[in-house]
Amino acid sequence: MIEIRLPDGSIKEFEKGVTPYEVALSISEGLARNVLSAKFNDQIVETSTPLTTNGSLILFTWNDDEGKKAFWHSSAHVMAQAIEELYPGVKLTIGPAIENGFYYDVDFGDHKISESDFNQIEQRMLEIARGKHPFQMREVSKENALNHYQKERNEFKVELIENLQDGEITFCDHDTFTDLCRGGHLPHTGFIKAVKLTSVAGAYWRGDENNKQLTRIYGITFPKQKDLKEYLVLLEEAKKRDHRKLGRELELFTFSQKVGQGLPLWLPKGAALRGRLEDFLKKAQQKAGYEMVVTPHIGHKDLYVTSGHYAKYGEDSFQPIKTPHEGEEFLLKPMNCPHHCEIYRSGQWSYKDLPKRLAEFGTVYRYEQSGELHGLTRVRGFTQDDAHIFCTPDQLDDEFKKVIDLVLYVFSSLGFENFTAQVSLRDPENKEKYIGSDANWEKAENAIINAAKEKGLSYKIETGEAAFYGPKLDFMVKDALGRQWQLGTIQVDYNLPERFDLSYKGSDNELHRPVMIHRAPFGSMERFVAILLEHTAGDFPLWLMPQQAIILSLSEKYEKYAEKVLTLLENNEIRATVDNRNETVGKKIREAELNKFPFMLIVGEQEEKDGTVSVRRRGEGDLGRMDPEAFAQLINKEISKNLKAFEV
RNA sequence: GCCGACGUAGCUCAGGGGUAGAGCGCUUCCUUGGUAAGGAAGAGGUCACGAGUUCAAUUCUCGUCGUUGGCUCCA
């Protein structure tokens, strides 16, 4: 007999060799029907794996992430079988489960696959699923495994197996199909009831663009047809929050093929919105001891040779601008740091002057790969809410924490709660990719981790994700479709101070090297506005709204009174506009609601007579008549409730 | 940059070898209204651009540009 501990803490005795499925059955038939996969002593096992020792067992269903993972991983096997049958001679490589579904990377040889092939594959997958073929794991010796795939001339699987230890290699069989696999499957294919292949994409073998390009097919499957329908509806809903769509509808920004790809044009409303965000940050930064500076949009090539950026990115950047005569070369500014370093160098500093915090809304230009451009989130010309802090090594920890406070203030003022902090460190295996000494890297990495810990951030460490000049702490936020984007960033840099020979006079009367912190709480105005749009669906916090209220005149007769109310509101710092069009009030309300006006003020005969406005709140309805002054107070009270001042 | 899809009116989209259609928006007129679409008329398109096939191309083929889902990249 063996003892199995279940998640509720209870311990049950079973015959040696009991399977997770049988354990589930002993609890309830319903559970047994729904159990998809299991974890025994922190190891993923099949529901059919005999358990031979004491241990703790967790059973997973569709409601668990691990259950979905097994579901989708198994679905990848089924898709692979369908593809192999329909396109004989293809070479399978890897096919994992992902956050929403799964993919399989396949070498189709000369065959071109496109979305028009999906239906056929989906149909075959469903046929296989209906066969209720059990997934069965078996151990294979390295030699046999290699033989199997050498016979199939599948160099990809051979490469995978070569990197595995003999004795830990397993194959998974179902129906007529066999795949190299570590495990974690459904009991059988019959659980898969709904199948949707979502896209086809090129993907490099092992993610390296020097390798062969494979065809990646993405799909998603569900245990019920209804779940698939719901998922598709969810996708449709997410599309409604797409910042590209909202940006056009709300007249915030546009693009022009003539101006060039990735170069956004900010429309009046968008520019006003962006200006308001800038003012908000400027105010907080002033309190936090920052000083604003302004630098030009181009810089001499030597500036970037000194900074090291030219060597690293020169080839892959917008190419230098040449002067007519002297043969000088200038680069479009890809970042503000070198300019700020030169500002620092323009003076002499004592340790008493530090930290020096230089801030600029600096517009930069980067030649991003054309396939990477995406709305406002990835562009070629954008404005960073940049600042560089020059401080003594002793001040680093404290300054770093202060920056975290500022970023958290920005995020909370704008209602971003679901962000993750990511600490990006150097890849110790690939040190040549980075500039700077080991000692400095270590110091900087520790400073970041300590600050993140002390500020109570829940952070994730990503090795190899650091910038080439230093480690960083990024604040990541998801867009409507769940894609992660970096917004705020804080980076420690020991290298630029070195390269620009920056110094300050210490209390010992000697020259010392300052440490530099790069930071941008928004990241870039473009990306921030994009993500903010997707999070709020255009329903911005009241203080940020391009227009806070719209005055709807009941007919042209009340135009004068409407204008009078507008002036009154403007005197109270409220952004409002008048809709005097010859339309019914019903239509005006509908459009104001769709255009996200938070407040609608209806004025007609009654209002004009007693000097009031009828207030309607978006999404809530009629709030009744009130004095325009009272309305102004209502708005301003709500704003001051939601927008707290930054406390240092 | 690579793989796939797409590009028709300001916007959302239908159509299809014989040079185009809807809804919304826009203009004008009627209507002067009470909390999510009042009515009528009209204007607006080199069907992204360039080449090829054809008697004829917006439609088919190729290329370019742009957009887009991924991959690689992201100072």
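Residue numbers start from 1 in every chain, and the chains themselves are labelled A, B, ... in the order their sequence lines are given, proteins ahead of strands. The figures here come from the full heavy-atom set of this structure, side chains too, leaving out hydrogens, waters and symmetry mates. Everything quoted here is computed from the prediction, not taken from an experiment.
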_What's the closest nucleotide to the side chain of A:S555 if the choices are B:rG33, B:rA75, B:rG70?_
B:rG33
_Please determine whether a side-chain nitrogen or oxygen atom of A:R248 lies at a distance below 4.0 Å from atom OP1 or OP2 of B:rU12._
yes
_Rounding to an integer number of angstrom, what distance separates B:rU54 and B:rC11 when you compare their P atoms?_
36 Å
*Remember a base hit wins even if backbone is also touched, and classify A:R244 as base, sugar-phosphate or nothing at under 4.0 Å, heavy atoms.*
sugar-phosphate
*So, is A:R483 close to the B:rG70 phosphate, meaning a side-chain N or O under 4.0 Å from OP1 or OP2?*
yes
*Using the C1' atom in both, what is the distance from B:rA57 to B:rG4, to the nearest Å?*
26 Å
*Is A:Y313 stacked on the base of B:rA75, meaning ring centres closer than 5.5 Å and planes within 30 degrees of each other?*
yes
*Determine the contact category for A:K472: base if any of its heavy atoms lies under 4.0 Å from a base atom, sugar-phosphate if only primed atoms, P, OP1 or OP2 are that close, otherwise nothing.*
sugar-phosphate
*Check whether the ring centres of A:F528 and A:F522 lie less than 6.0 Å apart, and answer yes or no.*
yes
*What interatomic distance, in whole Å, is found between P of B:rU58 and the corresponding atom of B:rU53?*
15 Å
*Which residue, A:H309 or A:N582, contacts RNA chain B at a nucleotide closer to its 5' end, judged by nearest heavy atom?*
A:N582
*Ignoring hydrogens and angles, does a donor from either the side chain of A:S614 or the base of B:rG34 sit under 3.5 Å from an acceptor on the other?*
yes
*Which residues, if any, of residues 93-118 of chain A bring a heavy atom under 4.0 Å of RNA chain B?*
A:K112, A:I113, A:S114, A:E115
_Parallel, tilted or perpendicular, as decided by the 30° and 60° cut-offs, for the rings of A:F631 and A:F599_ = perpendicular
*Across the strands shown, which category fits A:E465 at heavy-atom distances under 4.0 angstrom: base, sugar-phosphate, nothing?*
nothing
*For A:Y231, what residues pass the ring-ring contact (aromatic ring centres under 6.0 Å, His included) criterion, not counting sequence neighbours?*
A:F222
_Donor-acceptor under 3.5 Å (A:W441 side chain, A:Y494 main chain)_ = no
_Side-chain N,O (A:H374) to OP1/OP2 (B:rG69) below 4.0 Å_ = yes
*Mapping A:D208 and A:M335 to their closest nucleotides on RNA chain B, which lands nearer the 5' end?*
A:D208
*Does the side chain of A:Q257 get closer than 4.0 angstrom to OP1 or OP2 of B:rA48 through an N or O atom?*
no
*asked:* How many whole angstroms separate atom CG of A:L594 from atom C1' of B:rU12?
replied: 14 Å
*Should A:K587 be listed as having a side-chain N or O under 4.0 Å from OP1 or OP2 of B:rG25?*
yes
*Kindly assign one of parallel, tilted or perpendicular to the pair A:Y87 and A:H111, based on the angle between their ring planes and the thresholds 30° and 60°.*
tilted
